Each structure stands twice: as structure tokens, then as C-alpha cells.
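Because the structure is a prediction, the values reported are computed rather than measured.
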Amino acid sequence: MNQSPNQSPLTLAAIEQVIGNLADPDTGRPLSRTDQVRNLQWTDHRLSAEVALSSHSLPIADEFIERVREQIQTKFPDLTDIQLTITPL
């Protein structure tokens, strides 16, 4: 299968890197720096993860999760079932 230029090899480490490099909407720091990506699980075409956000960011949680989902789908189009939830930081 040929990969597009934006597509990355699908590995748990690659998924962690994509999510972890996204900026926290409150602090602007990468999510991985403050251990905000939790319970990441990947099997075949399914990904589930929790993203911890501060209470200040909760009003935009749905918008933020949609941006995270779009980033993942851009990099890993083979992931067809992406379940992301917000947990308090």
C-alpha cells in the first residue's frame, strides 16, 4: 500500500507522537510534556485515548477533540474508529 506524503507508518509510538505534539489549549505546551495523553490503546483500525485538560479548557473540549481527531486521521487514514475522551487534569 502506498503512503501519501502526510501519512505516517501506523505504530503506537507514532500515534503517541502525533497526539503528544499537539498543544494544550490552555498552556500551549505539548500534551506529552505534561503527561496529558492517557490510556492510549490501538488495535487494527481502532484507537482510543483520554486527553486530560484543565478546567479552563473544558468549554472548548469538543472543538479541541475534533482537532485532535482530524490530526490523527490526516496522519493515519487507516484508523477508522477513533474514540477520544476528555478527563480532568
Open item on the list: What's the separation between atom CD in E16 and atom OG1 in T11, rounded to the nearest 0.5 Å?
Closed with: 8.5 Å
Task: Side-chain heavy atoms of T87 within contact of N39, under 4.5 Å - done: no
TODO: Measure the spacing between CD of Q17 and CD1 of I19 and express it to the nearest 0.5 Å.
DONE: 11.0 Å
TODO: Can you measure from NE2 (H56) to CG (D24) and round to the nearest 0.5 angstrom?
DONE: 11.5 Å
Open item on the list: Just verifying a value: how many Å separate I86 CD1 and L84 CG, rounded to the nearest 0.5 Å?
Closed with: 8.0 Å
TODO: Measure across I15 and W42 and return the closest heavy-atom pair with its distance rounded to 0.1 Å.
DONE: CD1-CG, 3.9 Å
Open item on the list: Return the OG1 to CG distance between T74 and L79, rounded to the nearest 0.5 Å.
Closed with: 11.5 Å
- [ ] Would you indicate whether R33, at its atom CZ, is surrounded by more than 12 heavy atoms from other residues, nucleotides or ligands within a distance under 6.0 Å?
- [x] no
- [ ] Measure across L22 and V18 and return the closest heavy-atom pair with its distance rounded to 0.1 Å.
- [x] CG-O, 3.4 Å
Open item on the list: Pair R69, E66 - check salt bridge (charged side-chain N to carboxylate O under 4.0 Å, His left out), show working.
Closed with: CA-CA 5 Å; R69 184 176 283 111; E66 198 52 41; 3.1 Å; yes
TODO: Kindly work out whether a path of hydrophobic side-chain contacts (I/L/V/M/F/W/Y, heavy atoms less than 4.5 Å apart) joins L89 to F64.
DONE: no
Task: Atom of P25, atom of S57 and distance for their closest heavy-atom approach - done: CG-OG, 3.7 Å
Task: Hydrophobic cluster membership, L12 vs I72, 4.5 Å side-chain cutoff - done: yes
Open item on the list: In the structure I gave you, are the side-chain heavy atoms of T27 and T34 within less than 4.5 Å of one another anywhere?
Closed with: no
Open item on the list: For the backbone of A52 and the side chain of Q36, can you confirm whether one donor and one acceptor N or O come within less than 3.5 Å of each other?
Closed with: yes
- [ ] Applying side-chain contact (heavy atoms from CB on, under 4.5 Å), run through L40 and L47 and close with a yes or a no.
- [x] CA-CA 7 Å; L40 184 64; L47 171 71; 3.3 Å; yes
Open item on the list: Can you see whether D81 engages Q83 through a side-chain donor-acceptor pair at a distance of less than 3.5 angstrom?
Closed with: yes
